[in-house]
Amino acid sequence: MHELMPDGGVIRKLWIYEAQRYCDHLLRLDKASRRSRFGGAVADDCIRQHVDGSIMLDAVIHGFFVDGVLHGAAELRPIGARFSGEAEAAFSVEKPWQSHGVGSELLARTLLVARNRGIKFLRMHCLAENRRMQQLARKFDADLRFDFGSVIGEVTAPRPTPISVVREALSDGFGVTNALLDAQTRFFKPT
Ligand SMILES: CC(C)(COP(=O)(O)OP(=O)(O)OC[C@H]1O[C@@H](n2cnc3c(N)ncnc32)[C@H](O)[C@@H]1OP(=O)(O)O)[C@@H](O)C(=O)NCCC(=O)NCCS
């Protein structure tokens with residue numbers, strides 16, 4: 001149905017100081033995508049509150065960047081007590097970048113991180129009419145179990161394996177290089 005990841009697109013974890021970039025991305029979502037992402041219509045202020053100071057401490061957020069601008073994200077946030085083994089995941093890809101495989105890549109990275117954190121239950125709230133998200137989750141049906149109304153995923157390999165840890169470290173290594181390049185680009189960009 002679609003091409004590979006868009007040219008020049010990079011996926012990496014967000015740094016703790018990138019809350020504003022995450023907020024700007026969520027604010028840029030078109031009306032329908034915003035509704036799907038938050039399970040209903042939400043005002044700009046609600047989004048700003050969502051991305052408060054603590055989110056970057058609590059959550060693991062992967063970002064999809066093109067030319068240093070964040071156009072997609074996957075948020076993995078623990079639910080309840082620190083070692084409860086439950087987390088919530090939410091995905092957002094800006095409209096021009098949808099249907100290019102970005103969501104699939106973000107979900108794959110999120111599942112890997114969840115597994116490596118010992119998360120056994122991964123909750124994804126998904127509106128009943130959100131066929132695209134349901135289709136995306138179905139691609140990972142070996143790793144996820146579904147429920148109606150909201151997609152409730154269960155990570156089938158709750159314990160990290162050496163291979164899964166190395167896979168995450170490798171993707172982080174790639175991400176660090178790109179983050180540094182990106183920071184350098186912004187630093188040297190003429191104003
Ligand atoms: C849901 C979302 C994250 C998916 O990201 P994406 O980058 O568009 O997804 P992908 O391109 O990886 O496509 C995933 C699957 O969706 C399906 N899909 C893609 N485009 C579709 C379309 N226009 N209509 C229906 N299904 C579609 C395909 O089956 C695809 O699988 P394939 O690769 O086997 O063809 C993204 O569309 C989005 O941000 N939507 C708005 C917010 C939202 O709904 N968030 C989810 C709730 S948390």
Side-chain angles (χ1 to χ4, degrees), residues 1-14 18-19 21-44 46-52 55-56 58-67 69-79 86-114 117 119 121-155 167 171 175 178:
M1 168 179 270
H2 49 247
E3 315 126 46
L4 293 171
M5 279 265 295
D7 272 355
V10 167
I11 290 185
R12 66 164 173 82
K13 282 182 191 148
L14 261 60
E18 293 183 300
R21 289 177 120 183
Y22 184 40
C23 188
D24 291 343
H25 152 66
L26 291 174
L27 288 170
R28 269 196 303 271
L29 290 173
D30 64 283
K31 206 170 159 190
S33 299
R34 185 190 282 207
R35 183 173 176 277
S36 299
R37 164 61 179 81
F38 289 97
V42 290
D44 288 3
C46 292
I47 292 184
R48 291 191 189 99
Q49 273 167 24
H50 176 76
V51 189
D52 64 7
I55 196 170
M56 306 307 279
D58 293 347
V60 177
I61 303 173
H62 283 95
F64 162 71
F65 291 84
V66 177
D67 295 333
V69 181
L70 184 66
H71 291 295
E75 181 185 313
L76 178 72
R77 203 170 195 177
I79 300 172
E86 283 189 46
E88 196 169 3
F91 300 85
S92 47
V93 179
E94 290 171 30
K95 204 169 176 64
W97 307 101
Q98 290 177 6
S99 301
H100 288 77
V102 177
S104 303
E105 189 55 35
L106 287 170
L107 179 52
R109 302 272 188 120
T110 301
L111 287 176
L112 182 63
V113 168
R117 304 293 182 282
I119 289 165
F121 294 99
L122 191 60
R123 199 169 281 265
M124 283 184 269
H125 292 286
C126 177
L127 294 174
E129 72 262 23
N130 193 345
R131 298 272 170 252
R132 193 187 304 234
M133 187 62 219
Q134 288 163 17
Q135 197 60 32
L136 168 54
R138 258 184 218 112
K139 281 176 72 177
F140 293 82
D141 62 359
D143 296 313
L144 293 170
R145 202 180 57 187
F146 303 105
D147 206 341
F148 288 104
S150 63
V151 176
I152 298 182
E154 184 183 341
V155 180
R167 275 178 57 209
S171 66
N178 281 292

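Indexing begins at 1, ligand by ligand and atom by atom, following the structure's order. Atom set for the values below is all heavy atoms of this structure, side chains included, hydrogens, waters and symmetry mates excluded.
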Exercise. Indicate the atoms forming the closest heavy-atom contact of L122 with A89, along with that distance.
Key: CD1-CB, 4.0 Å
Quiz item: Relative to the heavy atoms of Q135, which atoms of ligand 1 are at a distance of less than 4.0 Å?
Solution: 16 (O), 17 (C), 28 (C), 29 (O)
Quiz item: At a 4.0 Å threshold, what atoms of ligand 1 neighbour a non-hydrogen atom of S99?
Solution: 6 (P), 7 (O), 8 (O), 11 (O), 19 (C), 20 (N), 21 (C), 23 (N)
Exercise. Mind listing the closest non-hydrogen atom pair of I11 and R109 along with its distance?
Key: O-NH1, 3.4 Å
Quiz item: Given H71, which of F65, Y22, W97 fulfils the ring pair (Phe, Tyr, Trp, His ring centres under 6.0 Å) condition?
Solution: W97
Quiz item: Measuring from R37:CZ to M133:CE, what's the distance to the nearest 0.5 Å?
Solution: 10.5 Å
Quiz item: Does CZ in R167 sit with more than 12 non-hydrogen atoms of other residues, nucleotides or ligands closer than 6.0 Å?
Solution: no
Practice problem: Answer yes or no: does an N/O atom from H125 fall short of 3.5 Å to an N/O atom of ligand 1? | Solution: no
Self-check item: Under 3.5 Å donor-acceptor, E94 side chain and D30 backbone
Solution: no
Quiz item: Does an N or O from V93, backbone or side chain, lie closer than 3.5 Å to an N or O of ligand 1?
Solution: yes
Quiz prompt | Partner of S33 by side-chain hydrogen bond (donor to acceptor under 3.5 Å, both in side chains), out of R132, R28, Q98 | solution = Q98
Self-check item: Atom pair CE/CG of M124 and L76 - distance to nearest 0.5 Å
Solution: 10.0 Å
Practice problem: Return yes when M133 approaches ligand 1 closer than 4.0 angstrom through a heavy atom, no otherwise. | Solution: yes
Quiz item: Which atom names give the shortest non-hydrogen contact between I61 and A73, and what distance separates them?
Solution: CG2-CB, 4.3 Å
Exercise. Can you sort out which atoms of ligand 1 are near H100, meaning under 4.0 Å from one of its heavy atoms?
Key: 11 (O)
Self-check item: CG-CZ distance between L107 and F91, expressed to the nearest 0.5 angstrom
Solution: 4.5 Å
Exercise. Can you sort out which atoms of ligand 1 are near S33, meaning under 4.0 Å from one of its heavy atoms?
Key: 41 (C), 42 (C)
Quiz prompt | Where ligand 1 meets S92 - atom numbers and elements under 4.0 angstrom, heavy-atom basis | solution = 39 (O)
Quiz item: Counting each atom of ligand 1 from 1 as listed, which ones have a heavy atom of V102 under 4.0 Å away?
Solution: 7 (O), 12 (O)
Self-check item: Per-atom contacts, ligand 1 versus G103 - under 4.0 Å to a heavy atom
Solution: 5 (O), 6 (P), 7 (O), 9 (O), 12 (O)
Quiz prompt | ligand 1 N/O within reach of W97 N/O, cut-off under 3.5 Å | solution = no
Exercise. Provide the number and element of each atom of ligand 1 under 4.0 Å from a heavy atom of G101.
Key: 10 (P), 11 (O), 12 (O)
Quiz item: Counting heavy atoms only, which part of R131 comes closer than 4.0 Å to ligand 1: side chain, backbone, both or neither?
Solution: neither
Quiz item: Should K139 be listed as contacting ligand 1, given a heavy-atom distance under 4.0 Å as the test?
Solution: yes
Exercise. Under 4.0 Å, heavy atoms only, figure out whether ligand 1 is touched by the backbone of N130, its side chain, both or neither.
Key: side chain
